[in-house]
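Below is one structure, written out as structure tokens, with a few remarks after it.
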Amino acid sequence: MSTLFLIFIVISAVVILLFLVLKLKVSAFIALLLTSIYVGILTGMPLSQITQSIQEGMAGTLGFVATVVGLGAIFGQMLESSGGAESLAHYLIKKFGKQHAPWAMVLTGFIVAIPVFLDVGFIILVPIVYALSRDTKMSLLYYAIPLLAGLAVTHSFIPPTPGPVAVADIINAPLGWVILMGFILGIPTAIIAGPIFGKYISKKIYLQPPSELDNIPPEFDSAKFPPFRMIALIISTPLLLILLNTFTTVAVSKGIVTQSVFTDALEFIGHPFSALIIATLLATYFLCIRRGMNKQKVLELSTKALGPAGIIILITGAGGVLKQILIDSGIGQIMAESMANSALPPILLAWIIAAIVRVTQGSATVAMITAASILAPVISEFQLNDPQRALVVISIASGATLLSHVNDSGFWLVGKYLGMTEKQTLQSWTVMETIIAFSGLGLALLAGLFV
């Protein structure tokens, strides 16, 4: 198989995927499966082997991703329904003071998006942005951009949100390292795209809160919300357990600590499955049942949470199919050998592929999964260690954030809730997303020099 034919297969596969999604409006799940079959046929795989690869790719990916994303969705639903997100926001604004509220909002967004989807987190918290803007007479963007930056960075960079979970599984990057790198690189990225850019753009575009809020009392009524410390403890529980698992595994493998029943127990409770089961049970009991929610309501919320999670799980599975086809057809090995001689570092290569798919078809999740699937066979050739694989995850996430515009549902959601024209949304939201994309790439490349 010549290099020229190889390049043709990869480019044509991406073109077909985009054509199916954009022009024919085919579900991303079906489009990824059809693209995988196309690649298998073009590379000469027997038809029976193609169906076998579909089954293996789907099973191999979903065994991990479905469990983590499903548990994470229920965990987030409990936090959302209990008023936990508002509790965090109110506490932080009180501590920071209204003069430093943008910093409180970026921190709120950063924490809330760990268990809650970006769009849900924004809808829950945007009334607080309205109230702050009304009280201080500042542009809505002064508070909204920091909030959105915090939400967007965590949503893309830090598990257990679905995007980084899916990418980490496809390219075999340990979640503990992804969480650690996500925090280290995500915090400065959120600050640059949030309070710093928000201060600038709010002077250029003045937006007033909706007029129907004029009769709402200025102070927040936080009596009905769960306490801040409880929320912070519950959200941090799975992250700390997963990180503990990562550090224990490294310590045992390096001979720093002798393997024992104790280290086995730490690794078990720190596995993403165990950590999220513990966090979900804590959230269900302390945020819902203990505060008076009946068990039937808890069951309904759990079922509701799995709806949007199911779509992401299936798309991720289809991405795993594409990866498996690339490996089983032999094209992955040829790609790996040719790309290993490329002058581009894997972090930059990952960013470029994710960015192209993102800008063309709009969905960050599809962009992340497509880029990870194409790169998965290549990663082993670069002989990356665990921290470097985590940086590739961050790079893919950054590229998949680039240039959100009219083909992205987030573009219209933000524009609608903040009362912006398309031009104003491009000047604020789109630029903020692009700042995240380039800041994430730059920081990942910088971190790559030290790990």
Side-chain angles (χ1 to χ4, degrees), residues 80 85-86 88-90 92-93 96 98-113 116-156 189-218 220 358-359 362-364 401-437 439:
E80 171 197 338
E86 295 96 324
L88 274 171
H90 296 165
L92 291 172
I93 289 169
F96 277 82
K98 287 188 180 176
Q99 68 274 27
H100 298 125
W103 294 91
M105 294 312 292
V106 71
L107 187 55
T108 298
F110 198 89
I111 297 170
V112 165
V116 176
F117 291 149
L118 183 150
D119 51 352
V120 175
F122 178 63
I123 292 167
I124 291 170
L125 295 170
V126 76
I128 298 173
V129 171
Y130 295 156
L132 285 167
S133 174
R134 183 202 55 210
D135 291 349
T136 61
K137 309 303 180 191
M138 299 291 287
S139 171
L140 279 176
L141 293 176
Y142 187 64
Y143 305 104
I145 289 295
L147 172 63
L148 287 164
L151 289 167
V153 167
T154 302
H155 182 74
S156 298
T189 298
I191 289 171
I192 295 166
I196 293 174
F197 175 64
K199 185 176 181 180
Y200 167 80
I201 196 64
S202 64
K203 293 176 181 176
K204 303 291 182 182
I205 303 173
Y206 182 79
L207 300 175
Q208 291 182 312
S211 56
E212 61 266 23
L213 295 173
D214 289 344
N215 297 323
I216 296 176
F220 305 118
R358 157 66 164 183
V359 173
S363 168
T401 307
L402 182 73
L403 212 64
S404 166
H405 59 96
V406 294
N407 62 1
D408 177 19
S409 60
F411 176 90
W412 299 106
L413 178 79
V414 171
K416 171 191 167 189
Y417 273 87
L418 298 181
M420 293 191 286
T421 64
E422 285 80 2
K423 181 182 177 182
Q424 290 172 328
T425 312
L426 286 167
Q427 291 172 323
S428 54
W429 162 257
T430 303
V431 172
M432 182 208 79
E433 289 272 271
T434 304
I435 291 170
I436 291 172
S439 298

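In this chain, residues are counted from 1 in sequence order. Note that this is a predicted model, so its numbers are computed, not measured.
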Heavy-atom pair of closest approach, residues Ser156 and Thr401: OG-OG1, 3.4 Å

Atom pair CH2 (Trp429) and CG (Leu148), whose distance is rounded to the nearest 0.5 Å: 5.5 Å

What residues form a side chain to side chain contact (heavy atoms under 4.5 Å, CB included) with Lys416, not counting sequence neighbours? none

Sidechain-backbone polar pair: Ser133 side chain, Val129 backbone, donor-acceptor under 3.5 Å: no

Which pair of non-hydrogen atoms, one from Pro195 and one from Pro102, has the smallest distance, and what is that distance? CG-O, 4.1 Å

Enumerate the residue pairs fulfilling salt bridge (Lys or Arg N to Asp or Glu O under 4.0 Å) with a member in residues 426-437, sequence neighbours excluded, ordered by first and then second residue. Arg358-Glu433

Is it true that, when you exclude Tyr200 itself, more than 12 heavy atoms of the residues, nucleotides or ligands shown sit nearer than 6.0 Å to its OH? no

Residues 139-146, side-chain donor-acceptor partners within the protein, below 3.5 Å, at least two apart:
unit_1, atom_1, unit_2, atom_2, d
Ser139, OG, Leu141, N, 3.3
Ser139, OG, Ile205, O, 2.8
Ser139, OG, Leu207, N, 3.1
Tyr143, OH, Thr136, OG1, 2.8

Starting at CD1 of Ile435, measure out to CD1 of Ile201 and round the result to the nearest 0.5 Å. 9.0 Å

For Ala149, the side chain to side chain contact (heavy atoms under 4.5 Å, CB included) test, sequence neighbours excluded, returns Ala193, Met432

Using side chain to side chain contact (heavy atoms under 4.5 Å, CB included) as the criterion, list what pairs up with Ile191, not counting sequence neighbours. Trp103, Ile187, Ile196

Intermediate values then yes/no, side-chain contact (heavy atoms from CB on, under 4.5 Å), Leu413 and Ile123: CA-CA 9 Å; Leu413 178 79; Ile123 292 167; 4.0 Å; yes

Looking only at non-hydrogen atoms, find the nearest pair between Gly150 and Ala190 and report the distance. CA-CB, 4.4 Å

Rounding to 0.5 Å, atoms CD1 (Ile128) and CD1 (Ile93) come to a distance of 5.5 Å

Close side-chain approach of Val126 and Leu147, heavy atoms under 4.5 Å: no

Specify the closest pair of heavy atoms between Phe110 and Thr154, including all atoms of both residues, with the distance to one decimal. O-OG1, 2.8 Å

Thr430 versus Ser404, closest heavy-atom pair with distance: OG1-O, 2.6 Å

Do Met105 and Leu132 touch side chain to side chain, with heavy atoms closer than 4.5 Å? yes

Give, for atom NZ of Lys199 and atom CE of Met138, the distance between the pair rounded to the nearest 0.5 Å. 8.5 Å

Rounded distance [0.5 Å steps], OG1 in Thr108 versus CG in Leu88: 6.5 Å

Please name all residues satisfying side chain to side chain contact (heavy atoms under 4.5 Å, CB included) with Glu422, sequence neighbours left out, ordered by chain then number. Phe411, Trp412

Return the OG1 to CZ distance between Thr434 and Phe197, rounded to the nearest 0.5 Å. 9.0 Å

